[in-house]
Amino acid sequence: MVLTGLSTVVVSVIRYGLKFSLGALAATPGNIEPGIGVVGSLENYTHFPDFGKWYLSYLMLLVRLELFTVLILFSPAFWKK
């Protein structure tokens with residue numbers, strides 16, 4: 001829940017309000033079509049800035065692979081072995 005709250009604030013700082021940012025965050029990791037407002041059933045993510053697309057892609061990876069798996073992949077100790 002903390003990750004969702006912080007991510008909503010990060011995405012809302014990019015361009016959109018909290019409601020639309022929460023809708024994008026709800027639709028992205030689950031790979032579901034209808035979001036809220038700017039990412040609704042008739043829209044897509046093309047109008048998001050590049051940072052927003054990268055951040056939402058990172059969150060999709062993080063949610064699908066679980067938090068600890070992604071943290072292990074980015075830790076230097078994992079790659080030294």
| query | Sequence neighbours excluded, which residues qualify as side chain to side chain donor-acceptor pair (under 3.5 Å) partners of T8? | reply |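 With neighbours one apart ignored, the set is empty.
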
| said: Test of understanding: with side chain to side chain donor-acceptor pair (under 3.5 Å), list the residues that count as partners of T46, not counting sequence neighbours. | reply: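 Partners of T46 by the side chain to side chain donor-acceptor pair (under 3.5 Å) criterion, ordered by chain and then number, come out as N44.
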
| Under the criterion side-chain contact (heavy atoms from CB on, under 4.5 Å), which of V63, L25, L56, V2 is the partner of S7? |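 Of V63, L25, L56, V2, side-chain contact (heavy atoms from CB on, under 4.5 Å) with S7 is met by L25 alone.
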
| What residues form a ring-ring contact (aromatic ring centres under 6.0 Å, His included) with F48, not counting sequence neighbours? |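 Partners of F48 by the ring-ring contact (aromatic ring centres under 6.0 Å, His included) criterion, ordered by chain and then number, come out as Y16, Y45.
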
| request: Kindly give the heavy-atom pair with the smallest separation between I14 and G52, and that separation in Å. | output: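 Looking at all heavy atoms of both residues, the shortest contact is CD1-CA, 3.5 Å.
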
| Is there a donor-acceptor pair closer than 3.5 Å between any side-chain N or O of S21 and the backbone N or O of S12? |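 Yes, S21 side chain to S12 backbone: donor-acceptor pair under 3.5 Å.
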
| task | Please confirm whether the backbone N or O of F74 pairs with a side-chain atom of W79, one donor and one acceptor, at under 3.5 Å? | result |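 Looks like no, no N/O pair under 3.5 Å.
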
| What distance separates K53 NZ from M60 CE, expressed to the nearest 0.5 Å? |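 K53 NZ to M60 CE: 12.5 Å, rounded to 0.5 Å.
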
| field | Which residues share a side chain to side chain contact (heavy atoms under 4.5 Å, CB included) with L62, sequence neighbours left out | value |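 In terms of side chain to side chain contact (heavy atoms under 4.5 Å, CB included), with neighbours along the sequence ignored, L62 is linked to L3, Y58, L59, L67, V70.
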
| request: List, by chain and then residue number, the residues other than V13 in its hydrophobic cluster (Ile/Leu/Val/Met/Phe/Trp/Tyr, side-chain heavy atoms under 4.5 Å); write none if there are no others. | output: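 Once heavy-atom contacts under 4.5 Å are chained together, V13 belongs with V9.
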
| field | Common cluster, L22/Y55, ILVMFWY with side-chain heavy-atom separation under 4.5 Å | value |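 Result: no, two separate clusters.
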
